[in-house]
Amino acid sequence: MAHIIFYTKPGCMGAVRQKSLLESYGHTLEERSLLSTEWTPETLQPYLADLELKDWFNPNAPAVKSGQVIPGALSREETLELLCSDPILIKRPLMNIGGQVLAGFDAEHLKEIGLCEVPSGYNTGCHSQDQGGACASGS
């Protein structure tokens with residue numbers, strides 16, 4: 001079983017379900033706030049390295065949903081600077097699993113690396129009904 005450092009937005013119900021699933025496989029989790037961590041391009045980039053630039057963003061972030069921020073429109077360097085300055089934009093969760101780092105809760109990837117298998121139909125994402133129509137602490 002693995003020890004996972006799990007960066008997410010405090011209060012996110014999707015993260016609660018993700019953590020519960022991982023713990024059901026015997027993993028231990030150390031939750032950290034994605035929003036209060038002091039990110040730099042050097043510390044954040046490894047988590048995002050395996051993703052397309054446009055996929056570095058949380059699609060539910062208010063600035064992305066409103067069109068104020070267009071994922072993939074900036075250079076890698078500009079994107080990293082933006083994400084570090086406004087962490088709500090970062091795809092989450094970020095996970096550090098014994099030095100292996102990744103962004104997002106991709107069921108296929110988690111199965112490939114032997115971390116867990118997400119049952120068909122299992123809800124691991126964030127849904128507006130989790131907080132009576134809106135996430136309590138922003139998206």
Side-chain angles (χ1 to χ4, degrees):
M1 301 306 111
H3 178 73
I4 303 166
I5 300 172
F6 192 90
Y7 294 93
T8 192
K9 183 186 73 176
C12 176
M13 293 307 295
V16 169
R17 288 187 289 275
Q18 294 164 352
K19 292 183 299 184
S20 177
L21 179 63
L22 291 168
E23 289 170 338
S24 76
Y25 277 82
H27 305 301
T28 58
L29 278 79
E30 178 182 334
E31 184 175 350
R32 296 186 185 172
S33 171
L34 179 73
L35 306 180
S36 63
T37 299
E38 294 291 325
W39 296 104
T40 66
E42 294 77 24
T43 59
L44 181 58
Q45 194 281 327
Y47 288 90
L48 306 169
D50 291 338
L51 300 174
E52 296 289 327
L53 183 64
K54 65 179 177 50
D55 295 327
W56 291 7
F57 289 86
N58 169 8
N60 294 312
V64 173
K65 287 177 91 170
S66 73
Q68 181 183 355
V69 172
I70 311 289
L74 301 172
S75 71
R76 293 176 69 82
E77 294 76 21
E78 291 169 320
T79 298
L80 281 168
E81 290 294 335
L82 177 63
L83 295 176
C84 291
S85 70
D86 192 2
I88 196 70
L89 295 170
I90 301 170
K91 182 179 192 78
R92 60 180 190 259
L94 298 183
M95 293 184 275
N96 182 327
I97 307 153
Q100 179 181 3
V101 294
L102 57 109
F105 204 83
D106 180 295
E108 287 301 313
H109 184 71
L110 295 175
K111 182 179 177 181
E112 286 173 19
I113 64 173
L115 201 59
C116 71
E117 189 164 336
V118 179
S120 178
Y122 189 89
N123 177 9
T124 62
C126 185
H127 295 278
S128 60
Q129 64 268 28
D130 286 339
Q131 300 292 334
C135 193
S137 55
S139 289

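The figures here come from the full heavy-atom set of this structure, side chains too, leaving out hydrogens, waters and symmetry mates. In this chain, residues are counted from 1 in sequence order.
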N58 vs I90, test: side chain to side chain contact (heavy atoms under 4.5 Å, CB included). Steps then yes/no. CA-CA 5 Å; N58 169 8; I90 301 170; over 6 Å; no
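- In this structure, the side chain of W56 engages the main chain of L51 through a donor-acceptor pair within 3.5 Å.
- Closest of all the heavy-atom pairs between E117 and L21 is O-CD1, 4.3 Å.
- The two residues I97 and A2 have their closest heavy-atom pair at CG2-CB, 3.8 Å.
- Q18 has its side chain within reach of F6: a pair of non-hydrogen atoms, C-beta onward, lies under 4.5 Å apart.
- In this structure, CD on E112 lies 7.5 Å from CG on D106, to the nearest 0.5 angstrom.
- The minimum heavy-atom distance linking P71 with V64 is given by the pair CG-CG1, 3.9 Å.
- Counting heavy atoms from C-beta outward, K111 and V118 have side chains that stay 4.5 Å or more apart.
- The stretch residues 24-34 participates, sequence neighbours left out, in these side-chain hydrogen bond (donor to acceptor under 3.5 Å, both in side chains) pairs: H3-T28, H3-E30, Y7-R32, K19-E31, E30-R32, S33-S36.
- Here the side chains of M95 and F105 are in contact, with some heavy-atom distance below 4.5 Å.
- In terms of the salt bridge (charged side-chain N to carboxylate O under 4.0 Å, His left out) criterion, E81 has no residue partners (sequence neighbours excluded).
- The two residues C12 and R92 make their nearest non-hydrogen contact at SG-NH2, 4.1 Å.
- Residues A103 and L48 approach most closely at CB-CD2, 3.8 Å, considering heavy atoms.
- The side-chain heavy atoms of I4 and L22, taken from C-beta on, include a pair separated by under 4.5 Å.
- Side chains of E78 and S75: a donor-acceptor N/O pair is present below 3.5 angstrom, by distance only.
- Checking side-chain atoms of Q45 against main-chain N and O of E42 turns up no donor-acceptor pair under 3.5 Å.
- A heavy-atom distance below 4.5 Å is found between the side chains of F57 and T79.
- Between N60 and K65 the shortest heavy-atom distance is O-CD, 3.4 Å.
- When L94, D86, L83 are each tested for a side-chain contact (heavy atoms from CB on, under 4.5 Å) with W39, only one passes: L94.
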